[in-house]
Every structure is written in structure tokens, then in C-alpha cells.
Protein chains: 2
Amino acid sequence: MVTLRQVAERAGVSIKTVSRIVNGDPAVNVKTRDFVQVHLQNLNYIPNQAARQMRGAVSTVYGLMTDAVATTPYSVDIVRGAQAALIEKHQTLLIASTDGDAAREAELWQTFRSHRVAGVIYAAMFHKAHEVGNPAYDQSIILANCFAPNNDRPSILPDDEQGGYTQAKHVLKLGHRRIGVITLSLDIVATKLRRQGMQRAFNEAGVSYNLANERRGVVGLLDNQTLVIFEVATEMFKSHNRPTAIICGNDQIAMQVYSAAASMGLIIPHDLSVIGFDDLKLISETLRPQLTTVALPYYEIGHRAVELSISAREQDENFAPRILIPCPLIERKSCRKLS
Amino acid sequence: MVTLRQVAERAGVSIKTVSRIVNGDPAVNVKTRDFVQVHLQNLNYIPNQAARQMRGAVSTVYGLMTDAVATTPYSVDIVRGAQAALIEKHQTLLIASTDGDAAREAELWQTFRSHRVAGVIYAAMFHKAHEVGNPAYDQSIILANCFAPNNDRPSILPDDEQGGYTQAKHVLKLGHRRIGVITLSLDIVATKLRRQGMQRAFNEAGVSYNLANERRGVVGLLDNQTLVIFEVATEMFKSHNRPTAIICGNDQIAMQVYSAAASMGLIIPHDLSVIGFDDLKLISETLRPQLTTVALPYYEIGHRAVELSISAREQDENFAPRILIPCPLIERKSCRKLS
DNA sequence: TTGTAGGCGTTATCAA
DNA sequence: TTGATAACGCCTACAA
């Protein structure tokens, strides 16, 4: 690798002069600059980050730690969002996955420390609590799509309460009153929050939220039991008072509802309105009719997490905001207005 | 950050002694070792990678460059595979995305060079040719899910020819003879390769591959035109000689075929066998019946790419193997044996 | 406007 | 078995 010294020798100037030029210091003669720049080009000089950083400069590398267990495929958009935010600032991203293993996580904190990363984002692949297992990491840690049990760390989260509200509000506004709900498992954070949101929407509309119309689904993406939804939906449709709209805990559930509806001869959205959650485009854009749903703002979460990480460096250690990112309604073709 | 010097002072030994202990040099008195190790622990010493690397050690960081345009959600498994392979070797991964922009790519080569990464993997999100745009990167570059137009770089690719063969072989073996094919766009590499594979299977079975049964689909995942498949399939089913099996270019196409079949009252697999490609679990495991398909081995591709990168460091510059990873058949419930 | 000296944290060399 | 010294490439402080 070419060093400043080598360029300096070729150009017949001092190391410092070359350094100035590389770093755009204006205090340098234009002629010298142009002259040296040619050599810089010819030798294809690239500054050595390690050396720069050792000299005391702030690291240009951020760390991103993920727990890639039971991954939903679109949650990697968190990573994309983070990358995008970082590239704007000419920073780079060191990435690693714990696979949900605490020992691995501990190792990774060491690794990140060893690289003196400027900050780290811990990103969970679904919304949950996570106690960061680092005994002694001293830079900023931002939680993305997860939160500290004691709320003592900055975190960026999807606003699931608002998401549930948005789902319910949408179908209510379209005039639906007999509304079925098929949720994810009750033990995940998002389910509870969304239900609160739905209840709020029902209250506002002066409709009582009828638990009897709620069914519990299954969360596991890779879980064969998701097929259970088909039965659940079918049973709902057989009811003498069958719902005119179904609110689903995610798009996969909605997909099953489509199947169940088709098998009973119900036409969506004419006979039945369906609204999903997540906006898994693979599903939402491929279903016929395309699925109206509420999106999980993963990209935005990653993006904001990086911004927060950067700004956190100037905060004191009690800095622990909890930032909620809205889940937008994505209107497509699966809901109709009752007249 | 704690340095060797600080530990040395505390322990009352020389810097070099501490260094020896940190690096597991056996030439050190056991007593000294134990004694110093206590201080190492107490002060929570972590070696500074930048300093180590500057001293001339080999970098422990690899670079991964992706082109995240029009991403299929599961192709990120390439990244997972790469991470897994790297963690086994206690290496880390610097990651960045070009977004398909050549200027950005050029910048990234500089960045990677600047960090003196030990090697880089360029991973495409779908199988294609890619001319690496690096004027002067001198370490090993491995192409994952893509290949150099001149075949002058090592690359790891899915064996699409074998994948197509596997699809066709499967339905032929089940006794199907009237077989419809809905491909991806013809301008992508995979389509041509898979068709060759299908033709090979047909030849082996002594059946002629009838182009009249082939329809061209659309590749764009985010493309509304995928809905066109529904019409294509419906038209096929209306034919007086309707196919008993459909080979699909991907699982999304298969999903559309399911819809079309349902709307015509055809039961899968009784009236129609369907085989997909990609194994997008979100779809393949959620469809009813679950979809028989051929998987794209993304994880494996990422894993092998890293292994290749590591071994490539000892090769001369003409090292340019082209390694094909098989696409395995994932048998589920959507195909039946004709009796 | 340009250059010199020194030091960042680590490891290799050589000496004790 | 241990330690002093130099060097890696860069940048800051200071001087010319």
C-alpha cells in the first residue's frame, strides 16, 4: 500500500505537505497542490484508516448487532436504513449477528470495542424487550426495534399502538361494524399494543370492542401451525353473524384468510374486507386483490437509529429517549366501503 | 480506553510482557502471567485493532458489497451465510451497499481499501453478470450470486440449470406429460439456464419440450405486472388440453397460479400439480397446500464465498473458479403422482 | 506556505 | 524469562 511518505518522496515535498493536500487544507500553494495531486493519482494513494484512527481521530465505523433468530425477511430493512444513514455521513458499518446467543453477544461487544466503533445499534428482528449484555461498553448504544427492560437506553420502535389504531380506524371508517380480529400470539409486545390501539379506535367510533370476535393466531413465520388460521377463519365465516371485515395480525394471516374466503366462495373485498399488518410486499402486492395493510417502518427505524446514535455522542449518560415511528396505512384493494 | 502501557504500569512489568500474555506467548513465567492477567481483567483491557493492524498484522475484517436494487427479501441470506462463515474464523464484516450506482461502488472500493480489508465479497441480489468497477483493488474479490463477464474472477453461483432440471424431473417422474411452464423474463440469466435444465430433463424422459406450453412471466418482485400471471394461468387452464402440472419461475408466480386455479375450481394437487422456485418461505409455507419448490441456496452461497475468499489469498491472480451450488428440491404438498 | 519532531498502541528485534 | 527500542502511517503542534 502506498503511504504518504512514498508520495512525498516522488513529489519531492515533505510528508506534511502531502497530508495537507489529502485533507484539503487550504493553506497550500495551488501549484504545489496540483503537482502533488498528480502523484497522488498515479500512485493511487488511499489513506490508512487504522493509522488515522490511532492518531486519535474519531472512528468512522459504527457497529450493528442483530439477533437473527426467527427472522422475518423484511426486518433486514433495518440494516438497509442504517446503511443509508451512514453512507450519507461517510461512515461505514461493521455488522454481526448474535443468533440469540448471549455468549456470542458478549464476544461481539469485545469485538466492537476492539475496533473502537463510534457507536453501536442493537437491532432486534421483531419488537421486544432486550437487556443488552455488555459488561463494559462505554460508547453509545441505540436499541432498534427493541427496548431496555428498564427503559434506560435510547430506543427506536414501531408505534404498534398507533398501527392497531390505524387498522381498526380504517375499517370502522369504511362503515364496518361486525369486525373479526385474528391476532398474533398474545405473548409478544406488538399484540398487546395493537389491541390497545384497536380498542381506542373502537371507543372513538362508539363501538364496543367485542372480544368474542377476537381469535388468537400464531406468530411463527416458519411455523406450520400458521395453517391453523385457515380453520379459524373458516369457522368465523360460518357464523350466522359473519364479520364483514377481518383485521389480521400480519400479512401471512391475511393470506390464509384469502384462502379460507376463496374456499367458501366469498369475494374480497365485496363480501369481505381484509386488512393486514407488516406490508410484506411479497404477499401484499402479489395477492389478488392486492392487500390493504399497515406497514412496519423497518427502514425508517434503522435510519433513525443511526441518526440517534450520532447525536447521542453529545448527550449525557441518562439520555434514553423512546422514539416511536408511525406505521403507515398502505391502501390497496382488499377493503371496501359499506354503503 | 485502557492500553498495554497502563496495564504494564499497574502490574509493574514491561509493556512487552503484557503483550506476550495477551497474545498467549508461552515464553512467559506462569506466576507473572497469572499476576498480570488479574490486572488485565480488572482494567478490562481490549486490544486496539487499529494499532495491531498498523503494526502490519493481517486485517481481521472482510468487506461485503451488495447491490441492493430490486431486492428479493431472502437474498440477504447471502449475508447471513457470510457472517456465519466469518464468525467461525473470528473475523468481522464491513458491509455496504452500492444501490446499483457505479459511482457509489467506486467510492466503496476506496473505503474498503482504506480499511485494508482482507478480502471482499461482491454479492448480487439476483443471479447476473457483474463487471466489478474497481480500478485498483488488489486483494481477493469473490463474486457471489454473480459472475464476471470474462469469467476472470472467482464466483459462487446457484446452479440454475440443475434447478430447472430438478423442477422438470420431479413432475415428469410423477407421470405428468402435459406440462405448462411459466418462466421469469427471458433476459435474466436464470431463465435461460433453467430452461436448458428443463429441456435436459424432458429429453431424458423421452418427451419433447413443447414451447407452445411455455409462457413468459415477469420478474419484478415489486412489479404490479406480476398480476398478469393470473390471466396467463387462467388462459392455460381453459385450453382443451389443459396441463396437469405447471412449472413456475418463482414462488410468486406459483402463488398467482394458486389463485387462478381456485377461481376456476381446480383443486391443487388433485387437478393440478404446481412446482415453484426460490423457496420463499413466506409464500411456500403459507400457501395451502404448502408449495413444492426448488430452493435458491443463498445462505450456502454466502458461506462458500467467504471460504473461497480466505483460500484465495494463497492463490495466484489467475485463480477464477466458478463454483455452482445445487438448488435442492423442497418437497411439500403441491404435486401429485398421476396414476 | 512548508517542514520537523513527536507520539498514538502495538509487535518484532535484539539484548540482558 | 524479561525488557528497551524501533517502527508501522498519520496528524498535531510548533517552527522556519
Side-chain angles (χ1 to χ4, degrees), chain A residues 1-37 39-40 43-61 90 110-118 138-139, chain B residues 1-37 39-40 43-61 90 110-118 138-139:
Chain A
M1 277 285 136
V2 179
T3 67
L4 281 183
R5 158 183 263 115
Q6 291 169 26
V7 179
E9 277 170 9
R10 281 284 189 99
V13 295
S14 78
I15 293 179
K16 182 61 205 175
T17 300
V18 183
S19 171
R20 286 199 177 92
I21 291 163
V22 169
N23 291 289
D25 186 331
V28 69
N29 185 303
V30 180
K31 276 186 187 165
T32 322
R33 153 166 297 133
D34 292 348
F35 178 67
V36 172
Q37 223 136 28
H39 291 281
L40 245 12
L43 295 173
N44 196 10
Y45 170 81
I46 299 278
N48 181 326
Q49 281 296 332
R52 278 188 164 170
Q53 185 183 326
M54 226 187 45
R55 191 59 196 75
V58 187
S59 170
T60 62
V61 179
H90 292 273
Q110 303 289 47
T111 304
F112 282 173
R113 244 164 45 95
S114 190
H115 283 282
R116 305 295 189 261
V117 297
D138 46 1
Q139 299 298 313
Chain B
M1 278 286 137
V2 179
T3 67
L4 281 182
R5 158 181 265 116
Q6 292 169 27
V7 179
E9 276 171 11
R10 281 284 188 98
V13 295
S14 77
I15 294 179
K16 183 62 201 175
T17 300
V18 183
S19 171
R20 285 200 177 93
I21 291 163
V22 169
N23 291 287
D25 186 330
V28 70
N29 186 305
V30 181
K31 275 186 188 167
T32 322
R33 153 168 296 134
D34 292 347
F35 178 66
V36 172
Q37 223 136 28
H39 291 281
L40 245 11
L43 294 173
N44 196 13
Y45 170 80
I46 299 277
N48 181 327
Q49 283 296 334
R52 277 189 165 170
Q53 186 184 323
M54 224 185 50
R55 194 57 197 75
V58 186
S59 171
T60 62
V61 180
H90 292 272
Q110 303 289 49
T111 304
F112 282 173
R113 252 179 20 112
S114 189
H115 283 281
R116 307 294 189 261
V117 298
D138 45 1
Q139 300 297 314

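Note: hydrogens, waters and symmetry copies are ignored here, and every other heavy atom, side chains too, is used. Chain letters run A, B, ... following the sequence lines, proteins first and then strands; every chain starts at 1.
Close approach of DNA chain C to chain B, defined as any atom under 4.0 Å from a non-hydrogen atom of the protein, starts and stops at C:dG9 to C:dA12.
Closest to the side chain of B:Ser14, from the set D:dG3, D:dC10, D:dT2, is D:dG3. The side chain of A:Met54 approaches D:dG9 more closely than any other nucleotide in the set D:dC11, D:dC8, D:dG9.
Two residues, A:Tyr45 and B:Gly12, neighbour DNA chain D, and the one matched to the more 5' nucleotide by heavy-atom proximity is B:Gly12. Heavy-atom distances to DNA chain C give each of B:Lys16 and A:Arg33 a nearest nucleotide, and the one nearer the 5′ end belongs to A:Arg33.
Residue B:Tyr45 comes nearest to B:Thr3 through the heavy atom pair CE1-C, 3.8 Å, listed as atom of the first residue, atom of the second, then distance. For the pair A:Asn29 and A:Lys31, the tightest heavy-atom approach, listed with the atom from each and the gap, is OD1-N, 2.6 Å.
Regarding contacts with the backbone of D:dC11, a side-chain N or O of A:Arg52 is found under 4.0 angstrom from either OP1 or OP2. Put simply, A:Asn23 has a side-chain N or O that comes within less than 4.0 Å of OP1 or OP2 on D:dC11.
The base of D:dG3 lies close enough to the side chain of B:Arg20 for a donor and an acceptor atom to sit less than 3.5 Å apart. One N or O donor and one acceptor, one from the side chain of A:Arg55 and one from the base of D:dC11, sit under 3.5 Å apart.
In this structure, A:Arg10 places its CZ atom where only 12 or fewer heavy-atom neighbours from other residues, nucleotides or ligands lie under 6.0 Å away.
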For the pair B:Thr60 and B:Arg52, evaluate side-chain contact (heavy atoms from CB on, under 4.5 Å) and give the outcome as yes or no after the intermediate values. CA-CA 10 Å; B:Thr60 62; B:Arg52 277 189 165 170; over 6 Å; no
Given side-chain contact (heavy atoms from CB on, under 4.5 Å), test A:Val61 with B:His115 step by step and report yes or no. CA-CA 10 Å; A:Val61 179; B:His115 283 281; 3.4 Å; yes
In sequence, state the C-alpha distance, the side-chain angles, and the governing distance for A:Met1 and A:Asn48, and then conclude on side-chain contact (heavy atoms from CB on, under 4.5 Å). CA-CA 9 Å; A:Met1 277 285 136; A:Asn48 181 326; over 6 Å; no
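Rounded to an integer number of Å, the gap from CG of A:Asp25 to C1' of D:dC10 is 15 Å. The separation between B:Leu4 atom CG and D:dT2 atom C1' is 15 Å, rounded to whole Å. The interatomic distance linking B:Arg116 (CZ) with D:dG9 (P) rounds to 9 Å, in whole Å.
Nucleic acid contact for B:Ile15: base, since at least one base atom lies under 4.0 Å from a heavy atom of the residue.
No donor-acceptor pair under 3.5 Å is formed between the side chain of A:Asn23 and the backbone N or O of A:Asp25.
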